[in-house]
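Notes to accompany the following structure.
Whatever order the structure lists ligands and atoms in, that order sets their numbers, starting from 1.
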Amino acid sequence: MSPRTKQLPRHVAIIMDGNGRWAQMRHLPRTLGHREGVLRVKEIVQAASEIGIEVVTLFAFSTENWSRPALEVSTLMRLLQVYLGREISALSRRNIKVRFIGRRDQLPRSVIRTIERAEEKTKGNTGLTLVLAVNYGSRQEILDGVRAMMSDCARGALAPGEVTEKTFGSYLYTAGLPDPDLLIRTSGEQRISNFMLWQLSYAELYFPEKYWPDFRKQDFLEAIEVYGKRCRRFGGIGKKA
Ligand code: FPP
């Protein structure tokens with residue numbers, strides 16, 4: 001099934017929120033909510049790839065998530081590894097390219113190795129780009145970009161006058177990717193939470209009430225349909241999305 005709109009977003013960014021509440025409502029440990037969440041990751045990535053979306057970015061672990069209980073942090077790291085280990089062949093078959101954004105150096109070595117293997121194995125793929133934001137924080141990304149840019153300026157490789165929005169974008173983790181057209185945050189929360197602050201400048205925002213483990217393919221297609229009816233103006237006076 002495809003959404004009843006011809007206006008597809010090129011890039012959909014998703015804050016997969018509500019795993020903990022989904023589990024707590026069922027008197028289950030929070031980690032089971034994350035486990036169920038991985039099933040939705042598979043389902044939504046497949047749906048996005050089927051309908052021809054170019055980029056999906058998933059917020060899997062934020063720089064602030066380290067403050068969660070150790071068991072929850074280690075479960076999230078393991079789920080990420082298991083997902084990539086089990087799915088990499090299927091992702092490759094679907095011509096999906098995997099890319100990571102975030103500060104890698106603070107991640108466990110085994111996670112870094114899994115990430116690098118997934119990127120290497122899928123780098124030649126030309127279908128959907130699946131961006132996983134792991135140990136990601138947007139302010140940190142902006143600071144890292146500013147530092148790299150300043151050091152290029154200091155060694156004469158870049159003049160301050162050459163710093164445009166495009167130049168700055170090329171210093172971010174998302175260099176080369178189009179900005180998200182649509183941000184989905186599940187669970188009814190209506191916040192950006194340090195996610196892609198620069199890149200979301202003109203994104204359409206969509207906040208379904210469902211918790212991430214309940215967010216199915218049909219809900220994703222509905223989000224795409226809602227996007228198709230939005231009127232994006234980019235500060236001008238109007239043009240349909
Ligand atoms: C937010 O729900 C969700 C997360 C912090 C982690 C999301 C991770 C996954 C779905 C699994 C691993 C990812 C991949 C890509 C395989 P929450 O725990 O904050 O929920 P709550 O607000 O109800 O407590």
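- In terms of protein heavy-atom proximity, atom 12 (C) of ligand 1 is closest to Val38 CG2, 4.1 Å.
- Distances between N or O atoms of Leu79 and those of ligand 1 include no value under 3.5 Å.
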Test Arg103 against Thr63 for side chain to side chain donor-acceptor pair (under 3.5 Å), laying out the working first. CA-CA 8 Å; Arg103 280 190 180 160; Thr63 45; over 6 Å; no
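- Scanning the protein for heavy atoms near atom 13 (C) of ligand 1, the closest one is Ala60 CB, 4.0 Å.
- Using a 3.5 Å distance cut-off with no hydrogens or angles, the side chains of Arg94 and Gln46 do pair a donor with an acceptor.
- With hydrogens and angles left out, the side-chain atoms of Thr167 and Ser170 include no donor and acceptor closer than 3.5 Å.
- In this structure, the protein non-hydrogen atom closest to atom 18 (O) of ligand 1 is Arg68 NH1, 2.7 Å.
- When ring centroids are compared, Phe61 and Tyr136 stay outside the 6.0 Å threshold.
- Under the 3.5 Å distance criterion, the side-chain polar atoms of Asn19 are left unmatched by any main-chain donor or acceptor of Gly37.
- In terms of protein heavy-atom proximity, atom 10 (C) of ligand 1 is nearest to Asn19 ND2, 3.4 Å.
- Listed by atom number, the atoms of ligand 1 under 4.0 Å from Tyr83 heavy atoms are 16 (C).
- Near Leu76, with a cut-off below 4.0 Å to any heavy atom, the atoms of ligand 1 are 6 (C), 8 (C).
- When the salt bridge (Lys or Arg N to Asp or Glu O under 4.0 Å) test is applied to Arg139, no partner is found at least two apart in sequence or on another chain.
- Scanning all protein heavy atoms for the shortest distance to atom 14 (C) of ligand 1 gives Leu80 CD1, 4.0 Å.
- Heavy-atom contacts of Arg21 reach the following atoms of ligand 1: 21 (P), 22 (O), 23 (O) (cutoff under 4.0 Å).
- Remark: minimum distance from atom 5 (C) of ligand 1 to any protein heavy atom is reached at Asn65 OD1, 3.7 Å.
- Residue, atom and distance of the protein heavy atom nearest to atom 3 (C) of ligand 1 are Met16 O, 3.0 Å.
- One option in Glu36, Met77, Arg30 has a heavy atom closer to atom 24 (O) of ligand 1 than any other, and that option is Arg30.
- Geometric assessment of Arg68 against the ring of Trp66 yields a negative cation-pi assignment under the 6.0 Å and 45° thresholds.
- Atoms of ligand 1 found under 4.0 Å from any heavy atom of Leu132 (numbered from 1 in listed order, with element): 15 (C).
- Residue contacts with ligand 1: Asp17 is placed with a nitrogen or oxygen under 3.5 Å of a nitrogen or oxygen of the ligand (distance criterion only).
- Between the side chains of Glu225 and Gln7, no donor N or O sits under 3.5 Å from an acceptor N or O.
- Of the protein's non-hydrogen atoms, the one nearest atom 4 (C) of ligand 1 is His34 CE1, 4.0 Å.
- Between the Asp219 side chain and the Arg216 main chain, a donor and an acceptor come within less than 3.5 Å of each other.
- For residues 82-92, no residue pair satisfies the side chain to side chain donor-acceptor pair (under 3.5 Å) rule, not counting sequence neighbours.
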